[in-house]
Amino acid sequence: MPELSQETEHRGALLPFGLAEVTGPSMVPTLYHGDQLVVQYGARVRPGDVVVLRHPFQQDLLVVKRAAERREGGWWVLGDNPDAGGDSTDYGVVPEDLVLGRARFRYRPRAAAQRSPFAVARWALSCARPLFSDRSASRRLRAR
């Protein structure tokens, strides 16, 4: 079963940005369950980018994956966690029109157990990070 993502749908907003929440383990270690993403809709996708797309067989389900490479007919997308499944190895190439946008930033909410000053400081230094195109991951994922 493809895991992943629920999202606040982008419907005619003035800015082409929206939020998505990651559910499931397919993008570990890059993204974890509960991470929030800032998604740029309609952004140009390059190999290695983290993207939000509609599942090819269940189009009301939004999925977060890494665009490994462009192939004939669309994008080959893979999760960073090879054991999780639910990517192009299961459903093939994703048509270009199902790729909604590119994830730009990741925000990791603070866990309730993080109460010590050290834990809060560590969280504050790592809670918000930009998501860059990971070309080395793209090469590694294409080899699968």
Side-chain angles (χ1 to χ4, degrees), residues 1-70 74-91 93-144:
M1 173 177 160
E3 60 338 88
L4 291 281
S5 162
Q6 302 296 337
E7 182 205 44
T8 305
E9 187 72 34
H10 173 69
R11 297 182 201 271
L14 294 175
L15 296 176
F17 291 95
L19 298 176
E21 180 178 350
V22 176
T23 60
S26 79
M27 289 300 291
V28 171
T30 307
L31 302 171
Y32 290 90
H33 181 80
D35 284 357
Q36 304 289 318
L37 302 177
V38 174
V39 179
Q40 182 180 7
Y41 293 98
R44 183 173 151 234
V45 176
R46 297 180 308 217
D49 288 344
V50 175
V51 296
V52 174
L53 57 114
R54 291 191 185 283
H55 190 281
F57 302 137
Q58 190 179 352
Q59 293 188 10
D60 59 334
L61 178 66
L62 299 176
V63 180
V64 176
K65 297 292 178 196
R66 189 173 301 278
E69 67 181 345
R70 188 183 304 264
W75 282 97
W76 188 260
V77 297
L78 296 170
D80 287 357
N81 180 354
D83 298 326
D87 55 22
S88 285
T89 57
D90 294 331
Y91 46 75
V93 175
V94 176
E96 187 83 34
D97 60 330
L98 295 181
V99 178
L100 301 177
R102 180 176 168 192
R104 295 294 189 166
F105 291 94
R106 182 259 309 158
Y107 171 75
R108 187 162 291 151
R110 186 169 66 92
Q114 294 175 315
R115 294 187 196 158
S116 74
F118 176 73
V120 170
R122 197 172 102 195
W123 167 80
L125 292 173
S126 68
C127 68
R129 295 265 168 105
L131 290 170
F132 296 112
S133 182
D134 187 351
R135 297 201 186 278
S136 64
S138 174
R139 273 187 241 110
R140 176 176 39 82
L141 292 169
R142 278 195 308 265
R144 285 203 278 153

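What you find for Trp75 and Arg70 is that their closest heavy atoms are CZ2-NH2, 3.2 Å. A pairwise comparison of heavy atoms in Ser126 and Arg122 identifies OG-O, 3.2 Å as the closest pair. Across all non-hydrogen atoms, the minimal contact from Pro47 to Ser133 is O-OG, 3.0 Å. Closest of all the heavy-atom pairs between Leu78 and Ala68 is CD1-CB, 4.0 Å.
Looking at Lys65, its side chain does come within 3.5 Å of a backbone N or O of Gly86 through a donor-acceptor pair. When atom types are taken as modelled, the side chain of His33 and the backbone of Gly24 share a donor-acceptor pair closer than 3.5 angstrom.
For residues 26-40, every residue pair satisfying the salt bridge (charged side-chain N to carboxylate O under 4.0 Å, His left out) rule, not counting sequence neighbours, is listed here: Asp35-Arg108.
Dense packing is recorded around CZ of Arg110, with more than 12 heavy atoms of other residues, nucleotides or ligands lying under 6.0 Å away. Within a 6.0 Å radius of CZ in Phe118, other residues, nucleotides and ligands contribute 12 heavy atoms or fewer.
With Val22 as the fixed residue, the side-chain contact (heavy atoms from CB on, under 4.5 Å) test singles out one of Thr30, Val52, Leu31, Val28: Leu31. Tested against Arg54, the residues Leu98, Asp97, Leu61 include a single side-chain contact (heavy atoms from CB on, under 4.5 Å) partner, Leu98.
Two residues are said to be in side-chain contact when any heavy atoms from C-beta on lie closer than 4.5 Å; Asp60 and Gln58 meet this criterion. Between Leu62 and Leu100 there is a side-chain heavy-atom pair separated by less than 4.5 Å.
Applying the side chain to side chain donor-acceptor pair (under 3.5 Å) test to Arg106 and every residue at least two apart in sequence or in another chain returns nothing.
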Apply salt bridge (charged side-chain N to carboxylate O under 4.0 Å, His left out) to residues Asp49 and Arg102 and explain how you reach the verdict. CA-CA 7 Å; Asp49 288 344; Arg102 180 176 168 192; 3.3 Å; yes

